[in-house]
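For reference, positions follow the sequence shown, starting with 1. Only a predicted model underlies this, so the values are computations on that prediction, with no experimental measurement involved.
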Amino acid sequence: MKKQLLYEGKAKQVYTTDQSDLLVLSYKNEATAFNGKKKASFNGKGRYNNLISAYLFTYLADHGVPSHFKQTLSDTEQLVQQTTIIPLEVVVRNLATGSIVKRLGIEEKTVFDPPLIEFYFKEDALDDPIINDQHALLLTDATVEELDQIKSYALKVNHVLQSFFDTIEVKLVDFKLEFGRDRLGEIVLADEISPDTCRLWDKTTEAKLDKDVFRQGTGDLITVYDTILKRLEAVK
Ligand code: TMP
């Protein structure tokens with residue numbers, strides 16, 4: 001199935017397949033933070049992200065949000081539809097924490113209702129700066145209609161996943177999405193949704209169950225990723 005390594009990112013490798021519109025994503029064990037300045041490898045991390053992302057994309061597809069995800073191939077690999085990635089990181093926030101607290105001086109845990117949507121320009125050389133819609137129109141080939149579609153999907157993902165995580169006793173604090181265009185030019189969700197790209201807090205204790213334990217050096221990444229996967233699997 002896998003043919004040639006097409007691209008290697010910080011957390012995944014992308015391979016071509018014998019079908020031109022299908023790619024294999026292979027999840028690595030590496031964790032990075034602060035644009036790659038902090039790095040470590042965790043046995044089993046690739047498996048957690050692969051299985052958690054597959055679960056969430058399947059759940060979202062069942063609830064009306066299309067994505068590039070096709071099927072799980074192995075513990076660390078999944079088959080996806082090829083898309084042209086729009087170089088935007090789309091962040092949705094329900095509670096204030098992380099960069100917004102530092103940037104704007106908003107008090108930690110302030111509730112955002114309606115949720116906040118932010119765009120960041122996906123460009124490592126610039127450290128992924130925050131941008132507005134007009135910058136997004138200037139810096140990418142996305143149209144006004146596509147940005148509207150992206151924002152609408154982002155809010156829908158938030159709505160669907162917030163209710164879902166609530167059932168497994170997890171607060172969806174914030175998360176990052178990426179979108180691409182499929183062969184027909186339609187906007188679809190791409191990349192991954194996992195504890196690497198979300199802030200997930202235990203509903204009762206507010207213990208962090210995501211990559212912040214590695215970013216901040218406050219806990220064991222594998223233990224908390226395992227908690228999330230076990231809670232997801234208990235739903236089936
Ligand atoms: P932030 O508070 O650091 O801006 O992060 C907001 C959300 O986006 C959080 O859930 C973590 C996620 N995120 C990524 O997935 N990739 C990144 O490069 C960054 C900076 C944040």
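- Test Asp220, Asp226, Thr227 against Thr223 for side chain to side chain donor-acceptor pair (under 3.5 Å) and you get one pass: Asp220.
- Partners of Asp182 by salt bridge (Lys or Arg N to Asp or Glu O under 4.0 Å), not counting sequence neighbours: none found.
- Residues Asp212 and Lys208 come closest through the heavy atom pair CB-CD, 3.7 Å.
- A salt bridge links Lys12 with Glu192; the closest basic N to acidic carboxylate O contact falls under 4.0 Å.
- Contact of the Leu200 side chain with the Lys171 side chain is not registered, since no non-hydrogen atoms from C-beta on lie closer than 4.5 Å.
- When the shell of 6.0 Å around CG of Asn43 is examined, it contains 12 or fewer heavy atoms from other residues, nucleotides or ligands.
- Between Tyr153 and Ile187 there is a side-chain heavy-atom pair separated by less than 4.5 Å.
- Under the 4.5 Å side-chain heavy-atom criterion for ILVMFWY residues, a single connected hydrophobic cluster contains both Val170 and Val92.
- Transitive grouping of hydrophobic side chains (ILVMFWY, heavy atoms separated by less than 4.5 Å) keeps Leu22 and Ile85 in distinct clusters.
- Note on Lys176 versus Asp191: salt bridge recorded, some NZ/NE/NH1/NH2 to OD/OE distance being below 4.0 Å.
- Among all heavy-atom pairs drawn from Ala136 and Phe119, the shortest one is CB-CD1, 4.4 Å.
- Using a 4.5 Å heavy-atom cutoff, the side chains of Leu73 and Val24 are in contact.
- Under the side-chain contact (heavy atoms from CB on, under 4.5 Å) rule, Lys45 has a single partner from Asn50, Asn29, Thr76, which is Asn29.
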Apply side-chain contact (heavy atoms from CB on, under 4.5 Å) to residues Val14 and Val80 and explain how you reach the verdict. CA-CA 10 Å; Val14 183; Val80 301; over 6 Å; no
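- To the nearest 0.5 Å, the span separating CG on Leu177 from OG1 on Thr197 amounts to 7.5 Å.
- For an aromatic pair to be called close, the ring centres must be under 6.0 Å apart, and His68 with Phe57 satisfies this.
- Look at Asp174 and Arg199 and you find a salt bridge, because one of the NZ, NE, NH1 or NH2 atoms lies within 4.0 Å of a carboxylate O, short of that distance.
- Cation-pi geometry between Lys38 and Phe214 is met: under 6.0 angstrom from the ring centre, within 45 degrees of the axis.
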Checking side-chain contact (heavy atoms from CB on, under 4.5 Å) for the pair Leu172/Asn94: CA distance, chi angles, key distance, verdict? CA-CA 7 Å; Leu172 179 61; Asn94 294 305; 4.3 Å; yes
Let me see the working for Glu169 and Arg231 under salt bridge (charged side-chain N to carboxylate O under 4.0 Å, His left out), right down to the final yes or no. CA-CA 9 Å; Glu169 302 290 312; Arg231 289 193 197 182; over 6 Å; no
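- One finds a salt bridge joining Asp133 and Lys151 here, because a Lys/Arg side-chain nitrogen approaches an Asp/Glu carboxylate oxygen to under 4.0 Å.
- Follow the hydrophobic side-chain contacts under 4.5 Å out from Leu56 and you reach Val224 in the same cluster.
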Given side-chain hydrogen bond (donor to acceptor under 3.5 Å, both in side chains), test Thr205 with Asp202 step by step and report yes or no. CA-CA 6 Å; Thr205 65; Asp202 180 87; 3.2 Å; yes
Distance-only donor-acceptor hits, side chain of residues 106-115, under 3.5 Å, sequence neighbours excluded:
from, atom 1, to, atom 2, distance (Å)
Glu108, OE2, Thr97, OG1, 2.5
Lys109, NZ, Glu206, OE1, 2.7
Thr110, OG1, Glu107, O, 2.6

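- Considering only heavy atoms from C-beta on, Gln78 comes within 4.5 Å of Tyr27 through its side chain.
- Residues Ala40 and Phe42 share a closest heavy-atom pair of CB-CE1, 3.9 Å.
- Judged purely by atom type and a 3.5 angstrom limit, Gln149 has no side-chain atom pairing as donor or acceptor with the backbone of Glu146.
- Between Ser26 and Tyr15, the shortest heavy-atom contact is CB-CE1, 3.9 Å.
- One finds a salt bridge joining Arg181 and Asp141 here, because a Lys/Arg side-chain nitrogen approaches an Asp/Glu carboxylate oxygen to under 4.0 Å.
- At least one donor-acceptor pair closer than 3.5 Å links the side chain of Thr58 to the backbone N or O of Ala54.
- For the residue pair Tyr225 / Asp210, no side-chain donor-acceptor distance below 3.5 Å is found, with atom types taken as modelled.
- One hydrophobic cluster holds both Val90 and Leu189 under the rule that ILVMFWY side chains link at heavy-atom gaps under 4.5 Å.
- Side-chain contact check for Trp201 versus Leu95: some heavy-atom pair is nearer than 4.5 Å.
- When all heavy atoms of Ala33 and Arg215 are compared, the closest pair comes out as CB-CG, 3.7 Å.
- Transitive grouping of hydrophobic side chains (ILVMFWY, heavy atoms separated by less than 4.5 Å) brings Val65 and Leu147 into a common cluster.
- Between Asn49 and Pro195, the shortest heavy-atom contact is OD1-CD, 4.1 Å.
- Side-chain contact check for Val91 versus Tyr120: some heavy-atom pair is nearer than 4.5 Å.
- Side-chain contact between Ser67 and Leu60 is absent, with no heavy atoms from C-beta onward closer than 4.5 Å.
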Table please: side-chain donor-acceptor pairs of residues 1-9 below 3.5 Å, with sequence neighbours left out.
from, atom 1, to, atom 2, distance (Å)
Lys2, NZ, Glu77, OE2, 2.7
Glu8, OE1, Gln13, NE2, 3.3
Glu8, OE2, Lys28, NZ, 2.8

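- From Gln82, atom CD reaches atom OG1 of Thr17 across 8.5 Å, with rounding to the nearest 0.5 Å.
- A salt bridge links Asp124 with Lys10: at least one charged nitrogen is closer than 4.0 Å to a carboxylate oxygen.
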Step-by-step side-chain contact (heavy atoms from CB on, under 4.5 Å) determination, Phe179 to Leu88: CA-CA 8 Å; Phe179 292 87; Leu88 292 176; over 6 Å; no
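- Residues Tyr55 and Phe164 place their aromatic rings such that the two centres sit under 6.0 Å apart.
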Could you walk me through whether Arg183 and Thr84 pass the side-chain hydrogen bond (donor to acceptor under 3.5 Å, both in side chains) test, one step at a time? CA-CA 9 Å; Arg183 267 190 150 181; Thr84 317; over 6 Å; no
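- A salt bridge links Glu178 with Lys122: at least one charged nitrogen is closer than 4.0 Å to a carboxylate oxygen.
- Within the 4.5 Å cutoff, side-chain heavy atoms of Cys198 are placed close to those of Ile193.
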